[in-house]
Amino acid sequence: MTNRLVWLASYPKSGNTWVRAILSALSVDSADMFDINAMVGRGGPVSPNEFEDIMGVCWSELSIRERQDLLPEFTAELARGVRGIEYHKTHMEFKWSPSGRPVFDGREGAVAVYIARDPRQVVISHAHFFGTGIAESAEIMNDPNRRTSLGDPEIHESVGRWTDHVTGWIGQNHIPVLVVQYEALKADPYRAVRKILDFVGVDFCADTIESAIAATRFDRLQNLEREEGFNQRSTATDRFFRNGTSDEWREVLTTEQQRQIERDQEAGMRLLGYLTDDPLPIRKLQK
């Protein structure tokens, strides 16, 4: 049996939840058994209780710098302790501790699946989720000091700018990373999911994969949210699963908004092929 910690990393509103839904649906026997509120990939990289259990120190007695400096050892211990395949979601940018160690490291067998999405589409989803306007969301996505709250004012993930998030995760060599573009996942979900599973080191038959994809179609996720609610919906919106499109930005954003995002996020967009008519297929990033 393979023991592996898998980080599901992404900038917020890039498709992380959809990937987690598909991976969750792979473990149930039928679509009726899929629980929208019990997905794999608990948020991270750290919770105080888990940190204290693993590290044997009291979270509240540590300074912010001390917590940050212990994060690399914490994630390493987390990787050493997994049994089977264990997924952890993170929106944290690829970063180093104050002492210069990478927070995410593959030496204990951990790997990362990085989910990327066109920032011109991300900005629309971001504005909807957080209840902001397009201009404000675009500014947030270009803020190098941006953090996301994990429900506690002392616990947050450093997210930073969209372009730095993308180039940081893709350009590092400390942990093996598979890049999955949202557009590729939407265009050919079977191929993208098979790519993820092969990378992680688990095998499912074609029928199981197809069933998991069918169970997590966007219209089905929307129905499940209406019927059962969704524990990750923000208070700023009445629904989490909005429409799941990949090119809505062409109609929603003004020309100036498009150009501003392209200027702000140019490096990451060029890396992923978003400044051409044909976004870079995921296979090209894995050569």
Side-chain angles (χ1 to χ4, degrees), residues 1-10 15-29 33-35 37-57 59 67-97 101-115 150 155 157 168-170 172-180 185 190-209 211-213 215-216 282 285-286:
M1 178 180 68
T2 300
N3 297 320
R4 176 163 293 145
L5 174 62
V6 182
W7 293 104
L8 300 175
S10 69
N16 202 310
T17 301
W18 187 23
V19 171
R20 291 170 53 230
I22 296 171
L23 294 174
S24 300
L26 284 168
S27 63
V28 300
D29 293 331
M33 297 176 65
F34 170 64
D35 187 347
N37 290 304
M39 295 186 194
V40 300
R42 45 197 174 136
V46 60
S47 74
N49 290 339
E50 193 169 38
F51 186 93
E52 291 177 347
D53 289 343
I54 290 178
M55 301 303 294
V57 294
W59 173 271
R67 295 170 188 169
Q68 292 175 340
D69 226 19
L70 285 172
L71 270 181
E73 185 57 32
F74 169 75
T75 58
E77 288 293 335
L78 203 61
R80 292 186 194 107
V82 300
R83 295 295 177 267
I85 302 296
E86 188 171 307
Y87 298 98
H88 278 249
K89 167 189 172 181
T90 184
H91 290 315
M92 183 179 282
E93 61 186 331
F94 194 90
K95 64 181 298 183
W96 285 258
S97 69
R101 294 179 296 168
V103 171
F104 303 95
D105 197 304
R107 284 180 294 180
E108 299 300 331
V111 299
V113 174
Y114 187 78
I115 304 138
L150 295 179
I155 310 169
E157 291 184 299
W169 271 99
I170 296 177
Q172 56 79 34
N173 59 5
H174 296 279
I175 184 171
V177 61
L178 173 76
V179 179
V180 177
L185 179 63
Y190 180 88
R191 182 172 181 271
V193 171
R194 173 62 77 185
K195 193 87 172 180
I196 293 172
L197 297 176
D198 289 346
F199 176 73
V200 169
V202 292
D203 188 35
F204 288 93
C205 69
D207 287 347
T208 300
I209 297 174
S211 294
I213 292 169
T216 53
I282 56 175
L285 282 168
Q286 309 313 320

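For R83 (side chain) and N3 (main-chain N/O), no donor-acceptor pair under 3.5 Å exists by modelled atom type. Between the W18 side chain and the T216 main chain, a donor and an acceptor come within less than 3.5 Å of each other. With hydrogens and angles ignored, the 3.5 Å screen pairs a side-chain donor or acceptor of Q172 with a backbone N or O of H174. The closest donor-acceptor contact from the side chain of E52 to the backbone of W59 lies under 3.5 Å.
Taken to the nearest 0.5 Å, the CD1 atom of I213 stands 8.0 Å off from the CG atom of L185. Between atom CZ of residue R80 and atom OG1 of residue T75 there is a gap of 9.0 Å, rounded to the nearest 0.5 Å. We find the CG-CZ distance between L197 and F204 to be 6.5 Å, quoted to the nearest 0.5 Å. I175 contributes atom CD1, which lies 11.0 Å from atom CD of E108 (distance to the nearest 0.5 angstrom).
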* To do: Take I85 and V40 through the side chain to side chain contact (heavy atoms under 4.5 Å, CB included) test and state the conclusion after the steps.
  => CA-CA 10 Å; I85 302 296; V40 300; over 6 Å; no
* To do: Report the C-alpha separation of L78 and E50 in whole Å, then their side-chain angles, then the decisive distance to 0.1 Å, and conclude whether the side chain to side chain contact (heavy atoms under 4.5 Å, CB included) test is met.
  => CA-CA 9 Å; L78 203 61; E50 193 169 38; 3.5 Å; yes
* So D203 and R194, side chain to side chain contact (heavy atoms under 4.5 Å, CB included) or not? Walk me through it. -> CA-CA 9 Å; D203 188 35; R194 173 62 77 185; 3.2 Å; yes
* Asked: side chain to side chain contact (heavy atoms under 4.5 Å, CB included) between V57 and F51: does it pass, once the steps are laid out?
  -> CA-CA 8 Å; V57 294; F51 186 93; 3.6 Å; yes
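Taking every heavy atom of both residues into account, V177 and F199 meet most closely at C-CZ, 3.8 Å. Between G106 and P176 the shortest heavy-atom distance is CA-CD, 4.2 Å. For the pair F94 and P102, the tightest heavy-atom approach, listed with the atom from each and the gap, is CZ-CB, 3.9 Å. The two residues M55 and F74 make their nearest non-hydrogen contact at SD-CA, 3.7 Å. Residue D105 comes nearest to A110 through the heavy atom pair O-CB, 3.7 Å, listed as atom of the first residue, atom of the second, then distance. Contact record, F34 with A21: CE1-O, 3.6 Å, taken as the closest heavy-atom pair.
For the side chain to side chain contact (heavy atoms under 4.5 Å, CB included) with I196, the qualifying choice from I22, L8, L178, V6 is L178, the only one to do so. Screening V113, T90, V111 against W7 for a side chain to side chain contact (heavy atoms under 4.5 Å, CB included) leaves a single residue, T90.
Looking only at side-chain heavy atoms (C-beta outward), F104 and H88 stay at 4.5 Å or farther from each other.
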